[in-house]
Participant: 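Please see the structure below; I have some questions.
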Amino acid sequence: MAAEWYNEQLSNRNYLSPLGFQLELENFKGVDFFCQSANLPDMSMPYTDVPTRFRNVPIIPGGGVTFGDFQVRFIIDESLVNYNSIHKWIRGNGNAGSSEAVPDNPEYSRGQLLVTTSNFNTNFIVNFTGLFPVSLTGVDFDASLDQQEYLTADVTFKYTIYNITDLDDNIL
């Protein structure tokens, strides 16, 4: 009888690094988002506790999955190109300042969060469908700082669904 424990061992003992990721938005190919942080959104599923004589037993009643928000913090470029692209997108979707929809302004985008290995090679991709921004933080200028700090902004996205895929677009 051969030992099977060897085949059940992990083949990759490298840990996922929080430093390697890059954001790409389909509607903004020429805009670079110097991401400082991004999250893999949480998800939850409803359940029902069925009371029994000894304890409550959780069961799956159905009802779908709820996804959390996709949040990104990025460094604002000197010309405000990346900040202004999100700013215009939110204003266009919310019809701020007009009574009509803004032409040539896409409501939704597809987005990709590329996650890299410890050697900074793309390892897997988080694909977002139906992505759109719902909030963007303001920009605070402060002349009293002791050292040079670059301004950042936080943007929160809603989306329809996300999938984690390999480089060949196969769902993991």
Participant: Can you measure from CD1 (I125) to CG (D168) and round to the nearest 0.5 angstrom?
Facilitator: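 With rounding to 0.5 Å, CD1 (I125) is 9.0 Å from CG (D168).
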
Participant: Tabulate below the donor-acceptor pairs under 3.5 Å that side-chain atoms of residues 41-59 make, not counting sequence neighbours, or state none.
Facilitator:
residue, atom, partner, partner atom, Å
T52, OG1, R55, N, 3.2
T52, OG1, R55, O, 2.3

Participant: Could you go through the side chain to side chain contact (heavy atoms under 4.5 Å, CB included) check for F33 and V72 one step at a time?
Facilitator: CA-CA 9 Å; F33 290 91; V72 175; 5.8 Å; no

Participant: Evaluate the side chain to side chain contact (heavy atoms under 4.5 Å, CB included) criterion for residues V126 and Q112: first the C-alpha distance (whole Å), next the side-chain angles of each, then the deciding distance (0.1 Å), finally the verdict.
Facilitator: CA-CA 6 Å; V126 183; Q112 291 186 324; over 6 Å; no

Participant: For the CZ atom on F28, are there more than 12 heavy atoms of other groups (residues, nucleotides or ligands in this structure) within a distance under 6.0 Å?
Facilitator: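 Enclosed: over 12 neighbouring heavy atoms sit under 6.0 Å from CZ of F28.
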
Participant: Is there a path from L172 to F21 through hydrophobic residues (I, L, V, M, F, W, Y) whose side chains come within less than 4.5 Å of each other?
Facilitator: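 Shared cluster, yes.
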
Participant: Side-chain donor-acceptor pair under 3.5 Å between N127 and T165, yes or no?
Facilitator: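 Indeed, the side chains of N127 and T165 share at least one donor-acceptor pair under 3.5 Å.
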
Participant: Are Y150 and F141 in one and the same hydrophobic cluster, where Ile, Leu, Val, Met, Phe, Trp and Tyr link if side-chain heavy atoms are under 4.5 Å apart?
Facilitator: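 As far as the 4.5 Å side-chain criterion goes, F141 and Y150 are not connected within one cluster.
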
Participant: Between F128 and F70 (judged by ring centroids, cut-off 6.0 Å), do the two rings come close enough to count as a pair?
Facilitator: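 Aromatic pair counts; centres sit under 6.0 Å.
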
Participant: Would I164 and L40 count as a side chain to side chain contact (heavy atoms under 4.5 Å, CB included) if you check the C-alpha gap in whole Å, the side-chain angles of each, and the deciding distance to 0.1 Å?
Facilitator: CA-CA 10 Å; I164 303 171; L40 189 59; 4.2 Å; yes

Participant: Take F124 and L16 through the test side chain to side chain contact (heavy atoms under 4.5 Å, CB included) and record every step on the way to the result.
Facilitator: CA-CA 11 Å; F124 60 88; L16 184 60; 4.1 Å; yes

Participant: Is there a continuous path of hydrophobic side-chain contacts, each under 4.5 Å between heavy atoms, that joins V81 to V139?
Facilitator: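 Same cluster.
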
Participant: Checking side chain to side chain contact (heavy atoms under 4.5 Å, CB included) between F74 and each of V155, L23, T152, which is the one that passes?
Facilitator: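 Exactly one pass, corresponding to V155.
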
Participant: How close do L25 and F157 get, counting heavy atoms only, and between which atoms?
Facilitator: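 In terms of heavy atoms, the two residues are closest at CD1-CZ, 4.3 Å.
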
Participant: Give the cluster check for L80 versus I75: same hydrophobic cluster or not, with ILVMFWY residues linked at side-chain heavy-atom distances below 4.5 Å.
Facilitator: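 No, L80 and I75 fall in different hydrophobic clusters.
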
Participant: Transitively linked via ILVMFWY side-chain contacts under 4.5 Å: V115 with F34?
Facilitator: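 Cluster IDs for V115 and F34 differ.
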
Participant: So, for Q22 and E24, which heavy atoms are closest and what is the spacing to 0.1 Å?
Facilitator: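 Taking Q22 first and E24 second, the nearest heavy atoms are NE2-OE2, 3.5 Å.
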
Participant: Looking at every non-hydrogen atom in both residues, tell me the closest pair between G20 and F120 and how far apart they are.
Facilitator: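 Nearest heavy atoms, G20 then F120: CA-CE2, 4.1 Å.
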
Participant: Hey, are the side chains of L136 and W89 touching, using non-hydrogen atoms and a 4.5 Å cut-off?
Facilitator: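 When only atoms from C-beta onward are counted, W89 and L136 do not touch, as no gap falls below 4.5 Å.
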
Participant: Quick one: does N39's side chain have a donor or acceptor within less than 3.5 Å of a partner on Q71's backbone?
Facilitator: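 A pair under 3.5 Å: yes.
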
Participant: Of I90, N82, N84, which is the lone residue that meets side chain to side chain contact (heavy atoms under 4.5 Å, CB included) with I86?
Facilitator: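 Testing I86 for a side chain to side chain contact (heavy atoms under 4.5 Å, CB included) against I90, N82, N84 leaves exactly one candidate, I90.
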
Participant: Hey, does the side chain of T137 reach the backbone of D154 with a donor-acceptor pair shorter than 3.5 angstrom?
Facilitator: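 Such a contact is found between T137 side chain and D154 backbone.
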
Participant: Under 4.5 Å between any side-chain heavy atoms of L151 and D140, yes or no?
Facilitator: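 Not in contact.
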
Participant: For the CD atom of E107 and the CG atom of L131, what is their distance to the nearest 0.5 Å?
Facilitator: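 So the CD of E107 and the CG of L131 are separated by 13.5 Å.
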
Participant: Mind checking whether F67 and Y162 have ring centres under 6.0 Å apart?
Facilitator: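 Between Y162 and F67, which both carry aromatic rings, the centre distance is below 6.0 Å.
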
Participant: Is there a donor-acceptor pair under 3.5 Å between the side chain of T117 and the backbone N or O of N119?
Facilitator: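 Pair found, side chain donor or acceptor close to backbone of N119.
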
